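The block underneath contains the structure these notes are about, expressed in structure tokens.
Because the structure is a prediction, the values reported are computed rather than measured. Numbering of ligands and ligand atoms starts at 1, following listing order.
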Amino acid sequence: MSLLAPHELPAVTVLHPDSHSPFFFTCDHASRRVPACLGDLGVPATEWARHIAWDIGALAVAELLAAHFSATLVATGYSRLVIDCNRQLWRHDCIPELSELTPVPGNCNLTEAERTRRAEALHRPYHDTIASLLDARAALRLPTVYLAIHSFTPVYKGEHRPWQIAMLSNRDRRVAEILMRELQRETSLVVGDNIPYRLTDETDYGVPVHAERRGLPHVLIELRQDEIEHPEGQRRWADRLVPLLEIVARETAQTGI
Ligand SMILES: [Zn+2]
């Protein structure tokens, strides 16, 4: 039986699929929705409001940026507590039994068939959509800068995080370095470089699979959630990032990266 009933929203949403903008946005943790047949996974309502269910504010910022540039944005339709679209399927925490300190009873002791059902309904369509859009751009020889928009909790396991924004990268640091250089001109900003997370083949999916393998310039942008939980902050950060992304487009085009 299909995980999503016919009346439910799709696993993936796409804005401006035919865009020729150099920017290609993704939002892996855009939603806290759960397929109706899974109920609440045994997780209390108060926990569903927290960062463990989704990247608070990230979709709104991604939508503002995609709207400004009329750029493609691909976003997930369901919560990462159902399946994490920024994890390899073989990883146990792709369907987490514990998130931060919150148990997810509905994810415990799943059969292989149940794991496959979630992957086929949610993970695969999301990544197939990204891959086919990138294939189409490559066929048109469009330059592409892959930008994964995420957000992180200001307090994790009791620890406060001072960074307001962070650039995550791995082998190819070029876009990360341009954005850090520009952000650090605002001396009051606290900018993280691969902190509070690192980007790795083990812990990520979107950037390693779609951007690195294709040789696309890219970065994973993490915004601290208290900066972007309200529309005013979302707008402020989008407005701050727009001119910096224009610099990225210029510099990546010049150097042919
Ligand atoms: Zn995220």
Can we say Asp135 and Arg214 salt-bridge, meaning some charged N sits less than 4.0 Å from an Asp/Glu carboxylate O?
-> yes

Contacts of Asp204 that satisfy side chain to side chain contact (heavy atoms under 4.5 Å, CB included) - sequence neighbours left out | Asn86, Leu199, Thr200, Pro208, Leu220

If only protein N, O or S atoms under 2.8 Å count, total around the Zn ion (ligand 1) = 3

If Ile, Leu, Val, Met, Phe, Trp and Tyr residues are connected whenever their side-chain heavy atoms lie under 4.5 Å apart, and connections chain through other members, are Leu81 and Tyr156 in the same group?
-> no

Just distance, no hydrogens or angles: give the donor-acceptor pairs under 3.5 Å from side chains in residues 51-65, sequence neighbours left out.
from	atom 1	to	atom 2	distance (Å)
His51	NE2	Glu100	OE1	2.6
Asp55	OD1	Arg80	NH1	3.1
Asp55	OD1	Arg80	NH2	3.2
Asp55	OD2	His29	ND1	3.4
Asp55	OD2	His150	ND1	3.1
Asp55	OD2	Ser151	N	3.1

Which pairs with one or both residues in residues 209-231 pass ring pair (Phe, Tyr, Trp, His ring centres under 6.0 Å), sequence neighbours excluded?
-> His127-His210

Tell me, please, whether Tyr78 has Arg33 positioned over its six-membered ring: NZ or CZ under 6.0 Å from the ring centre and within 45 degrees of its axis?
-> yes

